[in-house]
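Convention: sequence-line order gives letters A, B, ...; per-chain numbering from 1.
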Protein chains: 2
Amino acid sequence: MARKSSAVDPLRLDNQICFAVYSAAHAFNRVYKPLLDRLGLTYPQYLVMLVLWEHDDVPVKEIGEKLFLDSGTLTPLLKRLEAAHLVKRTRSREDERQVLIALTAQGHALKEKARSVPQSILAASDCSVSELVTMKDEIVALRDRLNAVIGE
Amino acid sequence: MARKSSAVDPLRLDNQICFAVYSAAHAFNRVYKPLLDRLGLTYPQYLVMLVLWEHDDVPVKEIGEKLFLDSGTLTPLLKRLEAAHLVKRTRSREDERQVLIALTAQGHALKEKARSVPQSILAASDCSVSELVTMKDEIVALRDRLNAVIGE
DNA sequence: GCACATTCAATTGCGAACAATTAAATGTGA
DNA sequence: TCACATTTAATTGTTCGCAATTGAATGTGC
């Protein structure tokens with residue numbers, strides 16, 4: 001039998017969608033870095049701020065569900081955001097197990113400085129908005145199917 | 001002026017391709033985890049092994065170029081692979097600055113156990129091969145455009 | 001009311017990921 | 001040859017990401 005063609009070898013790096021996603025995520029991170037440095041945020045911190053700019057005063061768990069992150073990641077990250085005076089962490093009075101995350105005035109204000117970020121990313125991706133939307137929807141659909149398998 | 005529709009608000013989490021990629025990468029990682037646990041590898045270690053299974057006895061830099069990782073990430077990772085008896089690290093005699101990474105017999109043998117991994121991932125993605133190939137190519141093209149911007 | 005399980009955040013430990021620096025080896029130009 | 005830049009890994013310090021555990025608060029079934 002002939003040796004398997006490298007074009008279809010499933011163990012070839014080039015053939016793995018997962019590596020494509022993994023390396024694209026790192027590439028995005030490197031593009032975001034200089035933009036977010038100006039805001040004093042890391043990319044995961046920026047994601048948390050995006051969540052809070054949409055809906056403030058929420059428990060840690062809700063942030064985690066939206067970003068697919070757990071308390072082991074979020075607790076120290078939120079403490080750093082608190083140290084930067086962007087959020088306030090307070091125990092809920094209705095349910096003392098929960099910690100509610102609220103934006104400070106500074107945290108709200110940062111949203112204005114963040115408005116220019118998406119368009120810089122769009123420019124870097126060198127791609128039409130409609131193409132990006134299509135890709136985004138496909139990737140989200142794939143992600144959700146993967147997460148469904150994990151939940152079993 | 002009417003309030004901007006949330007469907008096109010560029011600061012909305014749901015509208016960001018970058019978050020789609022970021023969260024998909026984590027979802028992939030979670031699917032890989034139980035499969036790779038059986039091999040005793042983490043996902044980045046698995047990527048390094050994929051590179052080595054394709055081409056052995058290469059300097060650290062070459063691995064880094066293929067995976068878009070630097071020595072700060074690879075040096076400790078490779079030391080862990082060496083501690084697991086999967087690779088050997090030796091200074092090149094032609095150029096003493098380089099460290100060459102070679103597979104051990106165990107490292108070579110592990111490739112056989114890894115063959116079942118891609119098909120498990122394919123099953124989890126619940127998607128046709130041709131769809132995945134198309135998506136992969138699009139994501140790689142996007143990644144390469146992003147990396148081109150970084151290189152400027 | 002009380003034992004029990006569940007929920008939620010925090011903690012600990014380990015493995016990435018990367019910036020910045022260090023140090024050694026190599027290459028280059030005068 | 002010798003000063004100088006370049007290349008390559010290694011190191012250090014900070015931040016993610018997650019598994020596993022802890023501990024407090026809450027809910028439940030009897």
Just to be sure I understand the rule, does [X] reach a base, reach only the sugar-phosphate, or reach nothing, if contact means heavy atoms closer than 4.0 Å?
X: A/D95; answer: sugar-phosphate
X: B/L74; answer: nothing
X: B/E94; answer: sugar-phosphate
X: B/P59; answer: sugar-phosphate

So, is [X] near the phosphate of [N], with a side-chain N or O under 4.0 Å from OP1 or OP2?
X: A/R89; N: C/dA10; answer: yes
X: B/Y22; N: D/dG17; answer: yes
X: A/K79; N: D/dT14; answer: no
X: A/T75; N: C/dA10; answer: yes
X: A/Y43; N: D/dG17; answer: no
X: B/R80; N: C/dA16; answer: yes
X: B/K61; N: D/dT6; answer: no
X: B/Q98; N: C/dT26; answer: no

Subject >> Given DNA chain C, 5'-ward residue of the pair A/E65 and B/Q45, judged by closest heavy atom >> reply: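 Closest to the 5' end, via its nearest nucleotide, is A/E65.
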
Original post:
Taking for each residue the nucleotide of DNA chain C with the nearest heavy atom, is it A/K33 or A/P76 whose nucleotide lies nearer the 5' end?
Top reply: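 Taking each residue's closest nucleotide, the earlier one in sequence belongs to A/P76.
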
Let me confirm one number: the [atom1]-[atom2] distance from [X] to [Y], rounded to the nearest 0.5 Å.
X: B/E112; Y: B/W53; atom1: CD; atom2: CH2; answer: 9.0 Å
X: A/N29; Y: B/L146; atom1: CG; atom2: CG; answer: 11.0 Å
X: A/E82; Y: A/T90; atom1: CD; atom2: OG1; answer: 9.0 Å

Could you tell me how far apart [X] ([atom1]) and [N] ([atom2]) are, to the nearest whole angstrom?
X: A/R91; N: D/dT26; atom1: CZ; atom2: C1'; result: 13 Å
X: B/E62; N: D/dA9; atom1: CD; atom2: C1'; result: 15 Å
X: B/L100; N: D/dA10; atom1: CG; atom2: P; result: 11 Å
X: B/L78; N: C/dA16; atom1: CG; atom2: C1'; result: 13 Å
X: B/L36; N: C/dA16; atom1: CG; atom2: P; result: 11 Å
X: A/L77; N: D/dT14; atom1: CG; atom2: C1'; result: 13 Å
X: A/I150; N: D/dC18; atom1: CD1; atom2: C1'; result: 12 Å
X: A/H26; N: D/dT15; atom1: NE2; atom2: C1'; result: 14 Å

Original post:
Does the pair A/L81 and A/I101 meet the rule for a side-chain contact (heavy atoms from CB on, under 4.5 Å), with working shown?
Top reply: CA-CA 10 Å; A/L81 288 181; A/I101 308 299; over 6 Å; no

Side chain of [X], heavy atoms from C-beta onward: which of [options] has the nearest atom to it?
X: B/R97; options: D/dG17, C/dA17, C/dA24; value: C/dA24
X: B/L69; options: C/dC18, C/dA9, D/dT15; value: C/dC18
X: B/S71; options: D/dT7, D/dA9, C/dT6; value: D/dA9

Original post:
Between the base of C/dA16 and the side chain of B/T73, is there a donor-acceptor distance below 3.5 Å?
Top reply: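 Looking at the base of C/dA16, it does not pair with any donor or acceptor on the side chain of B/T73 (distance under 3.5 Å).
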
Subject >> Donor-acceptor pair present, B/T42 side chain and C/dA16 base, under 3.5 Å >> reply: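 Such a pair does not exist between side chain and base.
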
Original post:
Between A/E96 and A/R93, is there a salt bridge with N-O shorter than 4.0 Å?
Top reply: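 A salt bridge is absent here (no side-chain N lies under 4.0 Å from a carboxylate O).
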
**OP:** Decide whether B/I121 and A/V140 are clustered together by the hydrophobic rule: side chain heavy atoms of Ile, Leu, Val, Met, Phe, Trp, Tyr closer than 4.5 Å, transitively.
**Re:**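 Result: no, two separate clusters.
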
Original post:
Do A/E131 and A/T134 get their side chains close enough for a donor-acceptor pair, meaning under 3.5 Å?
Top reply: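 No, no side-chain donor-acceptor pair sits under 3.5 Å.
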
